[in-house]
2 protein chains.
Amino acid sequence: MYSPTTRLLTILELLQSHRQLSGSQLASRLEISPRSIRRYIVMLQDMGIPIEAERGPDGAYYLGRGVKLPPLMINNQEASALVLGLLVLQAFHFPVELVAIEGALAKLERVMPEALLEQVRALQAALSFNVVASPTTLQPSIVARLSLAVHKCQSLSMRYMSLSGTESTRLFDAYGIVYYQGFWYAVGFCHTRRDLRTFRLDRISELQATDHTFDQPEGFDPIQHVHNAFATMPGQYPVEILLETSMSHVQQVLPPAAGSFEATPAGILWRREVADLWPTALLLLKFDFPVIIRQPPELRTIMQQLAAKALRLSEE
Amino acid sequence: MYSPTTRLLTILELLQSHRQLSGSQLASRLEISPRSIRRYIVMLQDMGIPIEAERGPDGAYYLGRGVKLPPLMINNQEASALVLGLLVLQAFHFPVELVAIEGALAKLERVMPEALLEQVRALQAALSFNVVASPTTLQPSIVARLSLAVHKCQSLSMRYMSLSGTESTRLFDAYGIVYYQGFWYAVGFCHTRRDLRTFRLDRISELQATDHTFDQPEGFDPIQHVHNAFATMPGQYPVEILLETSMSHVQQVLPPAAGSFEATPAGILWRREVADLWPTALLLLKFDFPVIIRQPPELRTIMQQLAAKALRLSEE
DNA sequence: TATGATTAGGTCAGAATCAGTCCTAATTAA
DNA sequence: TTAATTAGGACTGATTCTGACCTAATCATA
């Protein structure tokens with residue numbers, strides 16, 4: 001704590017680990033005059049470090065937000081947490097700039113004490129994450145803009161290429177972003193299709209926030225919806241099924257995203273649209289309450305086929 | 001970049017973002033004489049920052065490892081990556097000291113530019129990880145020691161409390177650590193039971209590395225093993241089904257957690273143990289390839305019931 | 001083996017910086 | 001109002017820093 005430079009760093013460190021400190025506190029810790037502390041504060045500010053001050057009694061200096069990040073003073077524990085975090089991001093193909101992850105990793109690993117690095121590497125080698133490798137890469141900037149739009153409830157205009165390869169522009173209210181089996185998806189309401197939809201992020205080519213805002217539906221669970229969306233890709237068959245049970249039971253068994261539910265005297269009328277009827281058919285077999293198929297007739301045919309298949313399986 | 005004090009920090013920053021820099025490069029960047037650079041290097045070294053040098057042509061200065069961490073100079077991108085990493089660690093209940101995560105988070109968030117922080121917070125709020133919340137906490141120190149033992153192939157002596165509540169001391173060769181459905185497990189060879197075993201980390205109370213070392217088996221996949229261990233949990237129905245398709249197709253349709261798969265001339269033999277046969281029965285109806293039920297006979301009965309149910313549904 | 005580029009460091013004088021001690025002003029909570 | 005705090009000007013003397021000019025040591029390459 002002798003040279004001016006170390007003093008400067010010490011002040012920075014003190015301000016980083018304490019919420020706020022008064023000039024006299026700093027002065028006594030560094031054993032220099034308060035006047036010099038004020039001078040150091042100015043020096044730090046000149047360096048772009050946003051030190052702010054509260055005046056008056058109980059006034060103090062504290063770190064504010066700037067445009068640039070000040071040098072971070074971290075201890076060993078924190079460093080290993082940081083490295084581990086970065087490694088996890090890498091393993092999960094998190095939508096963050098790779099350069100950023102690698103840059104931060106390089107900086108940290110280059111200066112970490114040997115013993116610490118060994119510990120972290122051991123953890124890294126020993127831990128197995130249950131991760132499906134993602135075959136595609138996606139642009140972090142898209143994810144960043146998307147998440148901001150989710151946060152601010154801004155509708156989005158985007159260009160999307162469907163799995164079949166056709167590209168289209170859609171107006172979309174994003175409710176959440178979900179990682180599911182190696183891919184990242186945006187879940188929300190598609191104005192073009194007027195339905196809840198799931199879009200794979202790596203198939204979005206353009207994304208633009210609009211002025212239009214929307215209301216986030218209460219209690220919507222993006223994960224649930226993605227799970228469900230995989231069983232029920234939206235499409236051309238209008239399905240109408242009468243569930244002879246209570247609404248509360250339905251809500252336990254089916255996610256809100258599964259379609260619309262209407263209470264009728266005969267039971268709960270469940271409506272949705274699907275391209276593939278098979279998942280719905282299987283779903284119906286799962287239920288432990290009586291079910292009546294209203295629409296479409298094709299679903300009855302599929303049920304017959306399922307019955308035949310089940311019978312065949314039971315005999316062989 | 002004018003005062004001597006700021007120059008020191010600039011040199012540090014340059015050394016952190018570049019792998020290595022020669023004295024003359026540094027001198028021209030800071031617009032001071034090479035002699036002064038040399039002096040600054042000494043000052044940094046005196047401050048405990050391990051700057052090392054390569055002599056001769058193409059010689060240069062570079063950062064080495066010390067006992068203490070130097071101030072980290074990071075940019076905005078790197079900061080958001082770091083914060084995200086920490087958030088993920090938190091979400092996954094990663095075995096890292098909570099204090100470390102929170103300390104680092106506090107330091108980073110306190111100084112991050114407003115816009116950046118908002119972006120990260122938005123991401124955090126929008127992203128849904130498919131994570132099961134862990135009901136237990138575990139000691140990071142145990143994980144650290146365990147992972148070191150995995151790395152160094154040291155046998156471990158540990159006290160473990162089984163699910164039934166009996167405590168025992170075991171000699172254990174840890175092969176890996178796996179996160180599976182909200183819990184952390186150590187996978188390896190248990191000398192006491194003379195078998196591959198899986199131990200939940202939060203049930204380990206004492207852990208001690210021994211002098212004894214072991215050989216890590218070639219090509220052992222800890223995740224695979226945990227999956228298997230769960231698929232073959234003692235349920236009462238041993239299920240054995242012949243899937244008449246290729247192994248690669250099976251792997252696309254079924255997760256590794258579904259059980260064990262064995263290639264036979266007739267097809268893939270799928271074995272698992274379950275307590276409830278219904279989910280398996282429904283699963284079989286999903287497949288688009290021929291399937292033969294070998295075991296148990298009860299599964300055939302269930303298939304008949306399913307067939308009846310499907311038929312009933314198709315008629316109404 | 002010779003050469004040149006580089007780090008390492010000693011020395012010295014003059015310039016620049018820094019620290020402390022005075023001040024005064026502005027701000028703000030009690 | 002009062003007291004505590006930040007903010008900062010001015011001066012002086014001590015300290016430090018800088019650049020210039022040295023000499024060694026090291027090491028890759030021609």
Side-chain angles (χ1 to χ4, degrees), chain A residues 1-66 70-71 110-111, chain B residues 1-66 70-71 110-111:
Chain A
M1 316 298 172
Y2 296 104
S3 82
T5 314
T6 36
R7 279 199 275 253
L8 206 64
L9 286 179
T10 312
I11 292 180
L12 192 57
E13 186 171 0
L14 286 171
L15 286 176
Q16 272 179 18
S17 40
H18 299 72
R19 182 157 289 286
Q20 56 173 32
L21 285 169
S22 74
S24 53
Q25 282 176 306
L26 286 169
S28 66
R29 283 203 192 231
L30 296 185
E31 296 176 333
I32 52 175
S33 70
R35 181 67 186 89
S36 292
I37 291 292
R38 263 171 273 150
R39 275 194 273 249
Y40 279 122
I41 297 286
V42 173
M43 288 173 74
L44 286 168
Q45 288 169 338
D46 285 347
M47 287 168 63
I49 294 166
I51 295 180
E52 296 176 29
E54 197 78 40
R55 302 178 80 142
D58 297 323
Y61 295 102
Y62 59 93
L63 271 180
R65 317 183 173 289
R110 198 177 307 160
V111 296
Chain B
M1 320 299 167
Y2 296 102
S3 81
T5 318
T6 43
R7 278 199 274 256
L8 251 189
L9 285 181
T10 312
I11 292 181
L12 191 57
E13 185 173 2
L14 286 171
L15 285 176
Q16 271 180 18
S17 41
H18 300 73
R19 180 157 293 285
Q20 55 173 33
L21 284 169
S22 74
S24 52
Q25 282 176 307
L26 285 169
S28 64
R29 282 202 191 231
L30 296 184
E31 296 176 332
I32 52 174
S33 71
R35 180 65 188 90
S36 291
I37 292 292
R38 262 171 272 150
R39 276 195 274 249
Y40 279 122
I41 297 288
V42 174
M43 289 174 72
L44 286 169
Q45 288 169 339
D46 285 346
M47 288 168 59
I49 295 166
I51 297 180
E52 296 176 28
E54 197 77 39
R55 303 179 77 142
D58 298 321
Y61 295 102
Y62 58 93
L63 273 179
R65 322 186 167 288
R110 199 174 304 162
V111 296

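Order of the sequence lines fixes the chain letters, A, B, ..., with proteins taken first and strands second; residue numbering starts at 1 for each chain.
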Value in whole Å for how far the [atom2] atom of [N] lies from [atom1] of [X]:
X: B/Leu26; N: C/dA8; atom1: CG; atom2: P; answer: 12 Å
X: B/Ile51; N: C/dG9; atom1: CD1; atom2: P; answer: 13 Å
X: A/Ile37; N: C/dT21; atom1: CD1; atom2: C1'; answer: 16 Å
X: A/Glu31; N: C/dG20; atom1: CD; atom2: P; answer: 10 Å
X: B/Asp46; N: D/dC17; atom1: CG; atom2: P; answer: 11 Å
X: B/Leu30; N: D/dC17; atom1: CG; atom2: P; answer: 15 Å
X: B/Arg38; N: D/dC21; atom1: CZ; atom2: C1'; answer: 11 Å
X: B/Ile41; N: C/dT7; atom1: CD1; atom2: C1'; answer: 10 Å

Quiz item: What string of B, S and - do you get for nucleotides 25-30 of chain D, 5' to 3', if B is base contact, S is sugar-phosphate-only contact and - is no contact with any protein heavy atom under 4.0 Å?
Solution: BBB---

Quiz prompt | 5' priority, DNA chain C, between A/Met43 and B/Ala60 [closest heavy atom] | solution =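 Closest to the 5' end, via its nearest nucleotide, is B/Ala60.
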
Quiz item: Axis-to-axis angle across the helix from C/dT1-D/dA30 to C/dA30-D/dT1, five pairs an end, to 10 degrees?
Solution: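 One end's axis against the other's: 50°.
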
Under 4.0 Å between a side-chain N/O of [X] and OP1 or OP2 of [N], yes or no?
X: A/Ser36; N: C/dG20; value: yes
X: A/Tyr61; N: D/dA7; value: yes
X: B/Tyr40; N: D/dT18; value: yes
X: A/Tyr62; N: D/dT6; value: no

Quiz item: Is a donor-acceptor contact shorter than 3.5 angstrom present between the side chain of A/Arg39 and the base of C/dG20?
Solution: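 Flag set: donor-acceptor pair detected.
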
Quiz prompt | Side-chain donor/acceptor of A/Arg35 to base of C/dG20, under 3.5 Å | solution =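 Looking at the base of C/dG20, it does not pair with any donor or acceptor on the side chain of A/Arg35 (distance under 3.5 Å).
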
Ignoring the backbone of [X], work out which of [options] is nearest its side chain.
X: B/Arg7; options: C/dG9, C/dG20, D/dT18; answer: D/dT18
X: A/Ser33; options: C/dG20, C/dA8, D/dG19; answer: C/dG20
X: B/Ser22; options: C/dT6, D/dT18, C/dG9; answer: C/dT6

Exercise. Please lay out, stage by stage, how B/Leu26 and B/Thr10 fare under the test side-chain contact (heavy atoms from CB on, under 4.5 Å).
Key: CA-CA 10 Å; B/Leu26 285 169; B/Thr10 312; over 6 Å; no

Quiz item: In terms of the nearest nucleotide of DNA chain D, which residue is placed more toward the 5' end: A/Thr5 or A/Leu21?
Solution: A/Leu21

Quiz prompt | Residues, nucleotides or ligands: over 12 heavy atoms within 6.0 Å of B/Asp46 CG | solution =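 Yes, enclosed.
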
Exercise. Could you tell me whether the side chain of B/Gln20 and the main chain of B/Tyr62 form a donor-acceptor pair under 3.5 Å?
Key: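 No, the answer is negative, given that no donor and acceptor are paired below the 3.5 Å cut-off.
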
